[in-house]
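Inspection log for the structure reproduced underneath, given as structure tokens.
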Amino acid sequence: MPRLVLLFVILFWIAASFLFPLNRFFLPNAVSLVGTVLNTSFLLDLLMNLSITFIRVGAGTVIALLVAIPLGILMAKNAAARSLAEPVIDFVRGIPIAMLFPIFIFFVGLGELSRILMVITLAFPIVALSVYLSARPNEDNSERIAYFNLRKGLLSRETLLRMVIWEALPGVLTGTRLAISLGLVVVIVTEMYFVASSGIGWRAFRAYENFQIDSLYFYIFIVGLSSMLVNRFISRLKF
Amino acid sequence: METIIQIRGGRIRFAEFELCINSWNLLPGLTSVTGPNGSGKSTFLRTILGINSLASGERICGLDRNLLGYVPQNYRQALIPWETCRGNFLRFKGIELQPALTRLEKLGFFEKDFDKRPSQLSGGQCQRIALVRELALKPKVLVLDEPYSSLDKKSVIIASEAISEFIETGGSVIMASHQAMLPVLQSKITSELLISRTSDNIAEIEVCLV
């Protein structure tokens with residue numbers, strides 16, 4: 001049903017482009033948009049800038065995961081670790097990430113590192129908290145934890161470690177999805193409004209400055225679509 | 001007599017109330033634990049195993065914990081989720097695989113079921129795997145929390161015979177079950193623990209020797 005609705009909307013838009021004089025600021029002409037998009041250099045440029053944005057988001061998210069996952073698991077298994085880490089995580093989470101960007105610029109300058117630090121700072125508390133909530137004893141896993149604790153003498157370390165990771169996995173996946181979505185927002189905003197020379201945000205802002213409204217709408221659509229596809233991919237991972 | 005498991009002056013806190021047991025010593029044979037829903041049977045069984053702590057009193061266990069077997073009420077949680085049925089035996093040290101698989105075949109398993117993961121098996125199949133695996137680990141004490149909840153009649157009979165055989169070879173079993181015991185196990189009961197609520201927030205465990 002949703003696909004039929006989408007198809008109807010697209011067909012209506014194409015028909016409207018032929019039949020009515022559309023105000024391109026509110027709704028670009030379908031034909032001219034297709035003409036803009038179906039251009040090799042436009043597409044190559046789009047692909048390159050989109051990749052750069054996702055590389056920034058990906059790098060920050062991966063670094064955050066490497067620290068946040070072990071910390072989340074430690075918080076779930078150790079009360080002392082939790083009592084130390086939780087207030088710090090809550091403190092960092094409470095600071096709007098945009099406030100930290102100038103600080104990162106002071107420390108590491110205007111460049112890739114400051115953007116990646118933004119993503120790390122955003123992603124880290126989200127993932128750590130998600131992993132902690134997933135791996136801690138709760139109604140769904142308390143008997144599993146109890147049983148494998150009792151039987152740990154008969155199991156290898158590898159199995160026990162894998163069990164811990166298994167319990168944390170739902171939190172890892174949820175945290176990663178949230179972190180990527182929010183990281184994308186942060187990176188695109190920094191590309192648009194802080195000095196940048198690459199990335200889909202930068203490209204979109206250039207389109208706005210040059211009144212390339214068709215391209216701007218298309219970039220917005222592509223970012224939304226890319227984010228949706230990445231989220232779908234992560235949500236379908238099975239272990 | 002060698003102490004297997006003993007509880008003295010035990011008070012167990014759970015939910016909104018307290019479970020009290022003055023003195024209890026695990027006897028060889030079958031110990032039956034009965035009580036209404038929500039009275040604390042599962043909590044008591046976990047305390048016997050040392051999984052839950054006593055709020056006060058003393059628990060003495062003369063056995064290595066590797067000799068304590070347990071099939072929880074939520075039996076799926078005793079299985080390794082990413083392993084097949086076969087893998088759920090192989091991952092544990094000291095299990096002889098073939099006799100265990102033969103026992104599962106008697107309980108209605110087919111060859112193709114051995115390569116399925118718990119998520120691909122029914123509740124009853126998972127419960128059978130959990131029980132057979134615990135027996136294959138050759139514990140000295142086996143704690144069973146509602147071991148028949150998902151089994152069909154025929155499997156209940158076969159499982160009861162397996163438990164009876166375990167007792168005859170010198171094992172002790174503590175079982176909480178709402179189902180009536182089959183005759184093969186009735187004759188093995190050496191004590192009964194009856195849990196009853198004595199007030200709003202206190203329940204007591206009465207020990208009856210058979």
Side-chain angles (χ1 to χ4, degrees), chain A residues 65 69-70 72-73 75-83 130-177 232-239, chain B residues 5 14-15 42-53 61 63-83 87-96 117-120 126-127 129-131 133-139 141-146 149:
Chain A
L65 285 172
I69 293 172
I73 292 173
M75 285 168 67
K77 302 298 175 194
N78 184 293
R82 183 173 66 251
S83 63
S130 274
V131 170
Y132 157 63
L133 291 172
S134 176
R136 70 175 178 173
N138 54 53
E139 266 179 29
D140 293 331
N141 68 10
S142 60
E143 278 193 315
R144 176 177 295 132
I145 292 173
Y147 176 82
F148 284 97
N149 212 19
L150 180 73
R151 283 327 212 159
K152 64 185 175 191
L154 297 172
L155 293 161
S156 66
R157 272 193 187 175
E158 184 227 333
T159 302
L160 293 168
L161 179 63
R162 202 166 162 186
M163 187 60 72
V164 169
I165 293 170
W166 180 272
E167 281 160 19
L169 257 181
V172 171
L173 295 176
T174 305
T176 304
R177 280 178 73 179
R232 285 235 163 153
F233 170 72
I234 295 172
S235 69
R236 282 179 184 183
L237 286 173
K238 281 184 184 173
F239 297 91
Chain B
I5 303 177
F14 79 102
S42 297
T43 306
F44 176 61
L45 294 180
R46 286 150 65 117
T47 307
I48 291 172
L49 288 163
I51 295 170
N52 289 6
S53 309
C61 181
L63 286 179
D64 186 275
R65 68 192 295 161
N66 289 343
L67 295 173
L68 300 174
Y70 177 39
V71 179
Q73 190 169 17
N74 193 343
Y75 41 82
R76 275 191 192 271
Q77 298 214 5
L79 302 184
I80 302 171
W82 63 85
E83 287 288 354
N88 262 280
F89 287 90
L90 291 171
R91 284 284 173 182
F92 284 76
K93 296 171 192 168
I95 282 192
E96 288 173 32
R117 290 179 171 189
S119 57
Q120 298 166 307
C126 289
Q127 193 167 39
I129 293 171
L131 179 62
R133 190 182 63 194
E134 289 306 299
L135 288 169
L137 286 167
K138 298 188 174 61
V141 173
L142 183 58
V143 175
L144 303 172
D145 195 349
E146 300 294 347
S149 57

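Bear in mind that the values here come from a model prediction, so they are computed numbers and not experimental data. Protein chains get the first letters and strands the later ones, always in sequence-line order, with residue 1 at the start of each.
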(message) Once side chain to side chain donor-acceptor pair (under 3.5 Å) is applied, do any residues pair with B:E96, and if so which ones, sequence neighbours excluded?
(response) none
(request) For side chain to side chain contact (heavy atoms under 4.5 Å, CB included), just list the numbers for B:R133 and B:L79, CA-CA rounded to whole Å, side-chain angles, deciding distance to a tenth of an Å, and then say yes or no. (result) CA-CA 10 Å; B:R133 190 182 63 194; B:L79 302 184; 3.8 Å; yes
(message) Check A:R162 with B:E83, please: is the shortest side-chain N to carboxylate O separation under 4.0 Å?
(response) no
(message) Testing the basics here: between B:N88 and B:P118, what is the closest heavy-atom pair and its distance to 0.1 Å?
(response) ND2-CG, 4.0 Å
(message) With chain B as the partner, which of A:S142, A:S156, A:G153 has the greatest number of non-hydrogen pairs under 4.5 Å?
(response) A:G153
(request) May I ask you to establish whether A:R144 and A:Y147 are in a cation-pi arrangement, using a distance under 6.0 Å from NZ or CZ to the six-membered ring centre and at most 45° from the ring axis? (result) no
(request) Heavy-atom pairs under 4.5 Å with chain B are the metric here; pick the option from A:D140, A:L154, A:T159 that has the most. (result) A:L154
Could you list the donor-acceptor pairs under 3.5 angstrom formed by side chains in residues 63-71 of chain B, with sequence neighbours left out?
from: B:D64; atom 1: OD1; to: B:N66; atom 2: N; distance (Å): 2.8
from: B:R65; atom 1: NH2; to: A:N149; atom 2: O; distance (Å): 3.4

(request) Tell me, please, which residues at least two apart from A:R177 pass side chain to side chain donor-acceptor pair (under 3.5 Å). (result) A:N231
(message) With a strict 4.5 Å heavy-atom criterion, list every residue of residues 44-53 of chain B that contacts chain A, or say none.
(response) B:R46, B:L49, B:I51
